[in-house]
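Only one structure is covered here, and it is reproduced in the block below.
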Amino acid sequence: MLAGAPSSHMSSSVSTSQGIFPTSRIGSGESPNSGASSFTQPIADMNENDETDLLSISWNQDYGCFAAGTSHGFRIYNCEPCKETFRRDLKSGGFKIVEMLFRCNILALVGAVANSHYPPNKVLIWDDHQSRCIGEFTFRSDVRGVKLRRDRIVVVLEHKIYVYNFTDLKLLHQIETLANPRGLCCLSHHSNTFVLACPGLHKGHVRVEHFGLNVTKLINAHDSQIACFTLTLDGLLLATASVKGTLIRIFNTMDGSRLQEVRRGVDRAEINSIALSPNVQWLAASSDRGTVHVFSLRVRVSGEDSLTQPNAFQGPALFHQNSSSSLDPLISPNTGANPNSSLSFMRGVLPKYFSSEWSFAQFHLPEYTHFIVAFGSQNSVIIVGMDGRYVYYHCPTIIVNLSEILNR
């Protein structure tokens with residue numbers, strides 16, 4: 001049965017077996033009936049000696065879980081504590097994209113190149129409660145990213161973004177973008193706002209769609225190409241970084257104004273992820289330099305009467321470490337606020353970086369490894385790496401090696 005069939009000029013097709021109503025929850029550690037078929041084929045009995053490669057990692061919308069796409073299927077992990085909640089292993093190959101919808105039973109999956117059953121130009125909407133595919137999107141080019149809201153499915157191709165209604169898979173919007181091989185796109189997740197951010201048609205521009213208000217805002221964020229960005233949950237703030245990786249900027253998405261700029265460093269770096277804390281007091285950024293920088297934000301939070309600059313107590317409390325922790329030397333001393341250069345009084349005379357706002361905490365990890373970062377509960381910082389490393393910064397510090405878990 002074909003639903004929401006696109007017009008002839010589009011390069012996609014959509015199929016579904018029924019309407020989608022994401023209500024059940026996953027992540028409890030319980031698996032569906034083992035006798036049920038998975039992806040229209042039997043679940044593989046993986047040999048314990050088979051090596052499982054990690055292909056992708058991604059957070060769910062509230063950062064309470066993360067999904068790992070592997071060379072044999074996918075795994076879902078709880079963050080606090082780090083624990084595998086369930087896995088699906090296939091004989092046909094793995095998935096390069098695994099997108100969760102909070103903790104419900106619906107997942108979006110895109111096959112890896114080596115997956116003989118599910119090619120990388122197809123998006124599967126998978127209901128893990130029923131153990132079956134309930135919808136498919138097929139495109140003429142590889143899918144670069146998928147984002148989910150409770151009411152929308154967003155598919156990112158290299159030059160175009162499609163927005164579909166979740167309940168009937170009907171196409172609602174098409175957006176043209178600059179070449180976007182990273183699949184950059186992010187969404188708000190409050191039920192009363194629907195904001196989408198994606199690359200614009202010009203280098204360094206971010207396009208912000210306020211669908212509920214029918215407003216489009218183009219933000220000239222950087223002179224160089226955009227490398228990474230993220231939205232707050234309500235979509236009112238946008239944090240961006242360019243391919244230079246030296247500066248991170250925070251914008252108001254309603255009027256496009258720049259609210260703050262912080263400096264990761266002077267040397268070029270690839271920013272892998274940016275995270276904003278739920279209370280919008282802190283920003284964290286990971287890079288291929290093997291560092292995660294944490295900055296204090298001075299932006300106003302909607303509904304508050306004062307700025308969210310943390311005081312001297314809140315800053316150190318965020319990263320207080322047990323004195324017996326082996327990672328204490330990896331965390332830079334902090335004062336609860338972004339330090340400025342001692343030469344900042346010569347602003348406008350010396351080069352710009354002398355007056356920059358710098359991070360007040362840094363975590364040091366292996367270089368040239370792709371890490372993604374998020375804020376957990378009680379202001380903890382969670383870091384997951386493509387080398388299989390999971391790091392949870394709180395008191396005490398916990399390190400789990402996912403590579404060992406993947407191949408158990």
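Source: prediction; values computed, not measured.
Listed for the Arg289 side chain is no donor-acceptor partner under 3.5 Å among the backbone atoms of Val292. With hydrogens and angles ignored, the 3.5 Å screen pairs a side-chain donor or acceptor of Ser277 with a backbone N or O of Trp282. Side chain of Asn121 to backbone of Arg140: no donor-acceptor contact under 3.5 angstrom is found. With Ser188 contributing its side chain and Val195 its backbone, the two residues share a donor-acceptor pair below 3.5 Å. Within the 3.5 Å criterion, the main-chain N or O of Gly235 finds no donor-acceptor partner in the side chain of Thr193. Checked by atom type and distance alone, the side chain of Arg249 pairs as donor or acceptor with a backbone atom of Ala221 at under 3.5 Å. No donor-acceptor distance shorter than 3.5 angstrom exists from the side chain of Ser71 to the backbone of Thr52, with no hydrogens or angles considered.
Atom OH of Tyr162 is separated from atom CG of Leu171 by 8.0 Å, given to the nearest 0.5 angstrom. Between atom OG of residue Ser191 and atom CG of residue Asp234 there is a gap of 11.5 Å, rounded to the nearest 0.5 Å. For the atom pair CH2 of Trp59 and SG of Cys65, the computed distance is 10.5 Å after rounding to the nearest 0.5 Å. Here His370 contributes atom NE2 and Asp288 contributes atom CG; the two are 10.0 Å apart, rounded to the nearest 0.5 Å. Between Leu187 atom CG and Leu231 atom CG the span is 8.0 Å, to the nearest 0.5 Å. The NE2 atom of His189 sits 10.5 Å away from the CG atom of Asp151 when rounded to the nearest 0.5 Å.
Val163 is listed as a side-chain neighbour of Leu196, based on a closest heavy-atom distance under 4.5 Å. The shortest distance between side-chain heavy atoms of Gln61 and Leu148 falls below 4.5 Å. Within the 4.5 Å cutoff, the side chain of Val206 has heavy atoms near those of the Phe229 side chain. Two residues are said to be in side-chain contact when any heavy atoms from C-beta on lie closer than 4.5 Å; Thr230 and Leu276 meet this criterion. Within the 4.5 Å cutoff, the side chain of Leu365 has heavy atoms near those of the Phe371 side chain. No side-chain heavy atom of Ile250 sits less than 4.5 Å from a side-chain heavy atom of Leu238. At least one side-chain heavy atom of Val280 sits under 4.5 Å from a side-chain heavy atom of Leu237. Inter-residue side-chain proximity for Phe251 and Gln260 is flagged as unmet; no heavy-atom pair is nearer than 4.5 Å.
A perpendicular orientation is assigned to the rings of Phe95 and Phe74, their planes being inclined by more than 60° (bins at 30° and 60°).
Inspection of the Asn165 and Arg152 side chains reveals an N or O donor paired with an N or O acceptor under 3.5 Å. Checking Asp127 against Asn105 by side-chain atom types alone, a donor-acceptor pair falls below 3.5 Å. Of the N and O atoms on the side chains of Ser273 and Ser286, at least one donor lies less than 3.5 Å from an acceptor on the other residue. In the model, Gln362 has no side-chain atom that pairs as donor or acceptor with a side-chain atom of Thr291 under 3.5 Å. Between the side chains of His159 and Thr177, no donor-acceptor pair of N or O atoms lies under 3.5 Å.
The two residues Leu157 and Arg144 come nearest to each other via the heavy atoms C-CG, 3.9 Å. Nearest heavy-atom pair, Ile248 versus Ala285, reported as atom, atom and distance to 0.1 Å: CD1-CB, 3.4 Å. Summarising the geometry of Val156 relative to Cys185, their closest heavy-atom pair is CG2-CB, 3.6 Å, with the distance given to 0.1 Å. Here the closest heavy-atom approach between residue Val266 and residue Thr246 is recorded as O-CG2, 3.4 Å. Here the closest non-hydrogen pair linking Ala67 and Met100 is CB-CG, 4.0 Å. The two residues Arg264 and Gly245 make their nearest non-hydrogen contact at NE-O, 2.6 Å.
The 12-atom threshold is not exceeded at CG of Asn214, counting heavy atoms of other residues, nucleotides or ligands nearer than 6.0 Å.
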Item to check | Stepwise side-chain contact (heavy atoms from CB on, under 4.5 Å) test for Thr216 and Val208 | outcome: CA-CA 6 Å; Thr216 300; Val208 180; over 6 Å; no
Checklist entry - Going through the checks in order, is the ring-ring contact (aromatic ring centres under 6.0 Å, His included) test met by Phe363 and His293? => result CA-CA 7 Å; Phe363 307 138; His293 292 256; 9.6 Å; no
Checklist entry - Yes or no on side-chain contact (heavy atoms from CB on, under 4.5 Å) for Leu184 and Ile226, after CA distance, side-chain angles and deciding distance? => result CA-CA 9 Å; Leu184 299 179; Ile226 301 294; 4.0 Å; yes
Item to check | Evaluation steps, side-chain contact (heavy atoms from CB on, under 4.5 Å), between Val146 and Val123 | outcome: CA-CA 8 Å; Val146 182; Val123 179; 4.0 Å; yes
Next on the checklist: Applying side-chain contact (heavy atoms from CB on, under 4.5 Å) to His117 and Leu90, what does each step give before you reach the verdict?
Outcome noted: CA-CA 10 Å; His117 231 72; Leu90 308 178; over 6 Å; no
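Two rings, from Phe137 and Tyr164, have their centers less than 6.0 Å apart. A ring-centre distance under 6.0 Å is not found for His210 and Phe194.
Residues Lys170 and Asp168 are not paired through a salt bridge, judged by the lack of any N-O separation under 4.0 Å between the basic side chain and the carboxylate. The residues Arg263 and Glu261 are annotated as not salt-bridged, no charged nitrogen and carboxylate oxygen being separated by less than 4.0 angstrom. In this structure, Arg298 pairs ionically with Glu357, as a charged nitrogen and a carboxylate oxygen lie closer than 4.0 Å. One finds no salt bridge joining Asp223 and Lys244 here, because no Lys/Arg side-chain nitrogen approaches an Asp/Glu carboxylate oxygen to under 4.0 Å.
Judged by the 6.0 Å and 45° rule, Arg149 forms no cation-pi pair with Phe166.
With Arg103 as the partner, the side-chain hydrogen bond (donor to acceptor under 3.5 Å, both in side chains) test is satisfied by one option alone out of Asn60, Asp62, Thr85, Asn78: Asn78.
Residue pairs meeting the salt bridge (Lys or Arg N to Asp or Glu O under 4.0 Å) criterion with at least one partner in residues 173-198, sequence neighbours excluded, are Lys160-Glu176, Arg182-Glu270.
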